[in-house]
There are 2 protein chains.
Amino acid sequence: MTPQGEDGPSVGVDGPGEGHDEVTELAGELRRLLLVSSRILRSHTASEDVSASQYSVLAYLQRSGESTPGALADFEHVSPPVMTRILGRLEEAGLVRRAAHPGDGRQVRVTLTEPGEQVVLQGRAERDAWLRSRLQAAGPEERETLREATALLRRTLIERRD
Amino acid sequence: MTPQGEDGPSVGVDGPGEGHDEVTELAGELRRLLLVSSRILRSHTASEDVSASQYSVLAYLQRSGESTPGALADFEHVSPPVMTRILGRLEEAGLVRRAAHPGDGRQVRVTLTEPGEQVVLQGRAERDAWLRSRLQAAGPEERETLREATALLRRTLIERRD
DNA sequence: TATTGTTATACTCTATAACTATA
DNA sequence: TATAGTTATAGAGTATAACAATA
């Protein structure tokens with residue numbers, strides 16, 4: 001659990017043509033892991049009527065109570081137009097509500113509708129079923145490791161990014 | 001490093017309505033991590049002419065020497081038509097070559113062209129630059145943890161899946 | 001008849017640029 | 001002038017179903 005040691009002569013970006021140091025190796029593996037596992041996850045997480053991205057927004061709203069398109073776009077790391085579209089579909093489906101923002105006419109207040117709330121609460125079991133079965137199969141100790149890994153990856157890739 | 005302990009009364013899928021046990025919590029966090037970080041990675045990994053998915057195929061071919069559309073689809077976890085499209089674009093760009101398979105006329109032999117090889121070797125530094133800078137910033141010890149985490153996630157999500 | 005690959009079709013995901021409305 | 005959001009446009013990613021060619 002020692003903090004760090006930002007040193008070591010082994011991390012030099014060795015010359016082009018040579019090109020395969022320790023960090024590059026890890027980068028490649030991580031890249032493939034994220035690319036492939038997000039594909040698998042999407043295919044297992046999408047239901048007939050609510051896609052993975054849409055569900056992610058619903059789940060966030062269910063926890064936070066309300067939000068705005070801009071804040072949701074930031075949180076999900078998508079561009080504003082993408083969030084507009086996601087919200088458009090969710091609104092069409094009657095799962096979210098867009099209303100005037102009190103105090104700032106430019107903003108929009110996004111909240112979950114009753115059916116939207118149901119989708120999150122009822123859908124959780126089925127939607128995450130595949131992922132949960134993977135985690136169940138992994139066993140308690142590996143789950144603990146995965147918990148730490150998840151937090152570390154989030155810090156490394158998401159929060160810490162420039 | 002003890003293997004497992006597939007037991008514990010705490011992992012019951014508690015009743016609907018209640019719905020938020022330890023595994024569900026982890027599943028939710030993992031889902032969001034993969035969704036968001038793959039978005040970030042794609043945006044940082046795509047160049048003007050070669051997308052993240054395309055590059056992934058090139059990188060695999062560079063290592064393996066040759067492959068077939070079917071094998072590549074399996075490896076990347078995409079459906080055959082998707083791989084056909086990816087290969088079509090790479091072939092148009094002159095980065096891969098499709099040729100008759102010796103011995104089995106149904107199959108297609110896919111290999112890297114000279115420019116394709118260049119894209120992989122030269123592009124690696126720039127392409128993975130963002131990810132590598134994240135990993136450099138993390139420090140050696142966290143990288144070691146990330147290495148283990150990557151392997152564990154791959155076993156849990158990709159290899160072990162039913 | 002089974003396998004490999006492609007074509008056809010139809011979505012979702014994603015971004016940049018341009019526009020509208022409010023502050 | 002700056003900010004929040006949307007519309008317009010374009011392209012990549014993805015899957016299922018139908019088809020062709022070979023084994």
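Below, read A as the first sequence line, B as the second, and so on, with proteins coming before strands; counting in each chain starts at 1.
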### Degree of bending in the helix from dT1(C)-dA23(D) to dA23(C)-dT1(D) once both end axes are built from five pairs, to 10°
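Inter-axis angle at the termini of the helix from dT1(C)-dA23(D) to dA23(C)-dT1(D): 10°.
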Please enumerate all residues that pass side chain to side chain contact (heavy atoms under 4.5 Å, CB included) together with [X], with sequence neighbours excluded.
| X | result |
| --- | --- |
| A71(B) | S67(B), T68(B) |
| R147(B) | E22(A), L26(A), R143(B), E144(B) |
| R97(B) | T111(B), T113(B) |
| T145(B) | L152(A) |

## Note on the structure
Apart from V108(B) itself, its cluster of hydrophobic side chains linked below 4.5 Å comprises V50(B), Y55(B), V57(B), L58(B), Y60(B), L61(B), L72(B), F75(B), V78(B), V82(B), M83(B), I86(B), L87(B), L90(B), L95(B), V96(B), V110(B), L112(B), V119(B), V120(B)
### Query
Does any residue of residues 93-107 of chain B have a heavy atom under 4.0 Å from DNA chain C, and if so, which ones, in number order?
R98(B), R106(B), Q107(B)
### With sequence neighbours excluded, residues passing salt bridge (charged side-chain N to carboxylate O under 4.0 Å, His left out) with D49(A)
none
### Task
Mind listing the closest non-hydrogen atom pair of R109(B) and A100(B) along with its distance?
CB-O, 4.1 Å
### Query
Considering all heavy atoms of both residues, which atom of L131(B) and which atom of A27(A) are nearest to each other, and what is their separation?
CD2-O, 3.3 Å
### Query
Hey, any chance L135(A) and L35(B) share a hydrophobic cluster, counting ILVMFWY side chains that come within less than 4.5 Å of each other, even indirectly?
no
### Message
Across nucleotides 11-16 of chain D, 5' to 3', mark each nucleotide with B, S or - according to how protein heavy atoms within less than 4.0 Å reach it.
### Response
-SBBBB
#### Entry: Where chain B begins and ends its contact with DNA chain C, read 5' to 3' at 4.0 Å from heavy atoms
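Terminal contacting nucleotides, 5' to 3': dT3(C) to dT14(C).
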#### Entry: salt bridge (charged side-chain N to carboxylate O under 4.0 Å, His left out) pairs, two or more places apart, involving residues 67-81 of chain A
E76(A)-R32(B), E76(A)-R39(B)
### Message
Applying salt bridge (charged side-chain N to carboxylate O under 4.0 Å, His left out) as the test, list every pair that has at least one member in residues 78-91 of chain A; sequence neighbours left out.
### Response
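Counting only pairs at least two positions apart or across chains, the salt bridge (charged side-chain N to carboxylate O under 4.0 Å, His left out) contacts touching residues 78-91 of chain A are E91(A)-R98(A).
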#### Entry: Between dT6(D) (P) and M83(A) (CE): distance, integer Å
11 Å
### Message
As an exercise, state the distance from CG of D128(A) to CD of E25(B), rounded to the nearest 0.5 Å.
### Response
11.0 Å
